[in-house]
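Note sheet for the following structure.
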Amino acid sequence: MSSPATVRSPSAETSADIRAKLHHEDPYAGFDATAIAPDLQGWNGNSPFFGELINKLRPQLVLEVGSWKGQSAATMGRALQQLGGERTLVCVDTWLGALEFRTDHEDPERYRGLAIRHGYPQVYYQFLANMVHAGLQNTVVPFPQTSLIAARWFLVNGIGADLIYIDGSHEENDVYADLVYYWQIAKPGAVVFGDDFVAWEGVRKAVTTFAQEQGLEVGVRDNNFWILQKPA
Ligand SMILES: C[S@@+](CC[C@H](N)C(=O)[O-])C[C@H]1O[C@@H](n2cnc3c(N)ncnc32)[C@H](O)[C@@H]1O
């Protein structure tokens, strides 16, 4: 897969620079979170593994691809806050779901969780409210975009990340594409990881193929998380 032509090498931009580049206006400004009760339904987002990785790497910039209502984002955001300093988690998601969110209209978590009104999902506002309820407005920045367009945005802006969690589409080709793009955004020594390595064949195949091509070893944790580390 080819990469964008205008890629800049990762620089040491501050979290404030990245926030300002992403949003002309603070996405939380004027947002009434009290109108939406907390609901952090999600998948594998409460694992202590997130905090362990964050405490070990002490990342300045973390990227998450696939945030849904913000379960894993809240776990990582709290761990970043506890470390102190200027640390940011950018959450990339269309908040439109993935294939499995559209295949069963009776699924209470996925299809119903999209909270579709007038044909368009509203789950983004649940995410935003959850971040406010968790007091994470200064740490978590939403980036409502497809994973690949967001990746190109990071690349053309020369933004490198220390930790990247890939949990968007679980289709093999999509996961592979996310890996190809986000691997370029990962700084030397950064960790790129995801979940569903055992439960989702497409995820396992994509990660295994990518790791073989790059000569990397795939770490597996809790029979669920896959882990790749970029050589320092
Ligand atoms: C499994 S959920 C994420 C779960 C979340 N990490 C948690 O802790 O519960 C997958 C998310 O990826 C998003 N997604 C799927 N494909 C995407 C794509 N190509 N670009 C951006 N977001 C995508 C969906 O909208 C959905 O919110």
Side-chain angles (χ1 to χ4, degrees), residues 1 22 38-51 53-54 62-80 89-104 107-116 119-131 133-134 136 139-155 161 163-182 185 191-204 206-207 221-222 224-227:
M1 179 173 301
L22 258 178
D39 168 14
L40 275 174
Q41 176 273 324
W43 301 272
N44 306 312
N46 292 318
S47 167
F49 185 48
F50 293 101
L53 270 179
I54 284 174
V62 182
L63 305 184
E64 173 173 79
V65 179
S67 301
W68 187 235
K69 295 181 183 177
Q71 190 182 82
S72 46
T75 302
M76 290 195 279
R78 280 193 287 261
L80 290 171
L89 166 62
V90 176
C91 289
V92 174
D93 199 310
T94 56
W95 282 280
L96 297 176
L99 179 61
E100 69 275 16
F101 288 67
R102 289 279 177 173
T103 48
D104 176 6
D107 187 328
E109 291 185 332
R110 293 175 181 82
Y111 185 81
R112 295 287 170 91
L114 285 166
I116 296 173
Y120 204 82
Q122 307 293 306
V123 65
Y124 170 72
Y125 299 104
Q126 182 67 64
F127 168 86
L128 215 58
N130 286 337
M131 295 306 106
H133 292 307
L136 291 169
T139 304
V140 175
V141 184
F143 186 179
Q145 189 50 270
T146 66
S147 61
L148 298 192
I149 291 179
R152 292 185 188 105
W153 186 89
F154 291 117
L155 289 168
L163 180 63
I164 302 178
Y165 182 49
I166 296 184
D167 191 23
S169 168
H170 285 28
E171 301 306 305
E172 182 181 349
N173 290 347
D174 297 344
V175 179
Y176 181 81
D178 285 346
L179 278 164
V180 167
Y181 273 82
Y182 283 88
I185 298 164
V191 166
V192 179
F193 72 119
D195 73 344
D196 291 322
F197 188 73
V198 174
W200 282 74
E201 194 186 9
V203 174
R204 189 169 56 254
V207 173
R221 166 75 189 251
D222 298 337
N224 175 50
F225 293 102
W226 55 267
I227 305 129

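Whatever order the structure lists them in is the order used to number ligands and atoms, beginning at 1.
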Check: Only one of Phe101, Phe127, Tyr124 clears ring-ring contact (aromatic ring centres under 6.0 Å, His included) with Trp68; which?
Finding: Phe101
Please set out all donor-acceptor pairs under 3.5 angstrom arising from side-chain atoms of residues 140-151, sequence neighbours excluded.
residue: Thr146; atom: OG1; partner: Ile149; partner atom: N; Å: 3.2
residue: Ser147; atom: OG; partner: Asp178; partner atom: OD1; Å: 2.7

Under 3.5 Å: N or O atoms of ligand 1 paired with protein N or O:
residue: ligand 1; atom: 6 (N); partner: Gly66; partner atom: O; Å: 3.0
residue: ligand 1; atom: 6 (N); partner: Ser72; partner atom: OG; Å: 2.9
residue: ligand 1; atom: 6 (N); partner: Asp167; partner atom: OD2; Å: 2.8
residue: ligand 1; atom: 8 (O); partner: Ser72; partner atom: N; Å: 2.9
residue: ligand 1; atom: 8 (O); partner: Ser72; partner atom: OG; Å: 2.7
residue: ligand 1; atom: 9 (O); partner: Trp43; partner atom: N; Å: 3.1
residue: ligand 1; atom: 16 (N); partner: Ser169; partner atom: N; Å: 3.3
residue: ligand 1; atom: 20 (N); partner: Ser147; partner atom: N; Å: 2.8
residue: ligand 1; atom: 22 (N); partner: Thr94; partner atom: N; Å: 3.3
residue: ligand 1; atom: 25 (O); partner: Asp93; partner atom: OD1; Å: 2.7
residue: ligand 1; atom: 25 (O); partner: Gly97; partner atom: N; Å: 2.8
residue: ligand 1; atom: 27 (O); partner: Trp68; partner atom: N; Å: 3.4
residue: ligand 1; atom: 27 (O); partner: Asp93; partner atom: OD1; Å: 3.3
residue: ligand 1; atom: 27 (O); partner: Asp93; partner atom: OD2; Å: 2.7

Notebook entry, point to check: With sequence neighbours left out, what residues match Phe225 under ring pair (Phe, Tyr, Trp, His ring centres under 6.0 Å)?
Noted result: Phe49, Phe50
Item checked: Residue list, salt bridge (Lys or Arg N to Asp or Glu O under 4.0 Å) with Glu100, at least two apart or on another chain -> none
Note to self: Please find the pair of heavy atoms, one from Asp196 and one from His170, that lie closest to each other, and give the distance.
What the structure shows: OD2-NE2, 2.7 Å
Next item on the list: Decide, yes or no, whether a salt bridge links Asp104 with Arg110 under the criterion of side-chain N to carboxylate O below 4.0 Å.
Entry: no
